[in-house]
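Take a look at the structure set out below.
Only heavy atoms go into these numbers, but all of them, side chains included; no hydrogens, no water, no symmetry mates. Naming: A, B, ... by sequence-line order, numbering from 1 per chain.
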Protein chains: 2
Amino acid sequence: MAKVRHSRFDCSPGCSVEVAIGLIDGKWKSVILFHLLGGTLRFNEIRRQIPGVTQRMLTNQLRELEQDGLVDRKVYAQVPPKVEYSLSPLGRSMEPVLLALKTWGDANIGLYGKPDALRQADVKAA
Amino acid sequence: MAKVRHSRFDCSPGCSVEVAIGLIDGKWKSVILFHLLGGTLRFNEIRRQIPGVTQRMLTNQLRELEQDGLVDRKVYAQVPPKVEYSLSPLGRSMEPVLLALKTWGDANIGLYGKPDALRQADVKAA
DNA sequence: GCCTATAGTGCACAAAAGGATACTGTCATG
DNA sequence: CATGACAGTATCCTTTTGTGCACTATAGGC
């Protein structure tokens, strides 16, 4: 995959923000990380906790998180496959970010998480 | 544009995280917001503070931030155009998120913000 | 014997995001 | 007269992201 999203070191002050956001962007990564805050989960456990994510997407996102060193992937060589995902120390260090995101979301979900009808009205009004 | 990224209200606990991240995803939004924490800025001031962003991208991202109610856009009907961008109260409420991102990035930029050579080595090692 | 669960992979396809470049119109400066 | 600043648009292009479906292999339950 070899994504090189943050190759620069020119870094005006906002650059570190860019680095951080670069690791948790994508529709699902932050949500996956958030669920992993609660402890180790298996592939399908994560899948069930995030309705709407497809297998392929979940695989992709987990692989990227693994490559970026945020999650650990532990494969048990069993016959019904078993793979456990957990936060690496680096991933756990994301906790403040994740919690800030959650807090903000909880406070403001009324504005954006509404059923489509309202969202549409909002769009039209703009 | 009418993006409906978060139309669901099914909301397992991670959903509010998804709402929040949905507003600041994209390569530049969080960086823009971060710079606006420091106060009102004009279009080209932002552009200069974020090397690498193109005019088009900056315009897009600012428009989306405006639509999502995070930034205020004030146009002065002057002859050399003047447009000021500032955080709305809602945008300012993102401050903890932005600061958490910045803090994390500062702490870990050594891992990801390195010049390409090292990044490449890292990728190969994986 | 068939269905389910496990953790994925592979392929085709569509949509969205992002990038490069050129262009707008007006005014001030040189 | 040419240039640049201002705040964008317009157009084209590539890359990334996301969806849907089928498929792998093995074991246990019905």
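Residue B/Arg63 places no side-chain N or O under 4.0 Å from the OP1 or OP2 atom of D/dA7. Contact annotation: B/Gln61 reaches the phosphate of C/dG18 (side-chain N/O to OP1 or OP2, under 4.0 Å). The phosphate of D/dC21 has neither OP1 nor OP2 within less than 4.0 Å of any side-chain N or O from A/Gln55. Phosphate contact (OP1/OP2 of D/dG8, side-chain N/O of B/Arg73, threshold under 4.0 Å): present. When the side-chain nitrogen and oxygen atoms of A/Lys82 are compared with OP1 and OP2 of C/dA5, none of them lie within a distance under 4.0 Å. Look at A/Arg56 and you won't find any side-chain N or O under 4.0 angstrom from OP1 or OP2 of C/dC13.
Residues A/Arg42 and A/Pro81 approach most closely at NH2-O, 3.3 Å, considering heavy atoms.
Residue B/Arg42 has its side chain nearest to D/dA7 when only D/dA7, C/dA7, D/dT19 are considered. When the nucleotides D/dT17, C/dA20, C/dG8 are ranked by their closest atom to the side chain of A/Thr59, C/dG8 comes out on top.
The shortest side-chain heavy-atom distance between B/Arg73 and B/Val75 falls under the 4.5 Å cut-off. No side-chain heavy atom of A/Tyr85 sits under 4.5 Å from any side-chain heavy atom of A/Leu58.
A/Lys74 is linked by a salt bridge (charged side-chain N to carboxylate O under 4.0 Å, His left out) to nothing, counting only residues two or more places apart in sequence or in another chain.
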Collect all protein-nucleotide pairs involving nucleotides 28-30 of chain C in which both atoms are nitrogen or oxygen and the distance is under 3.5 Å.
none

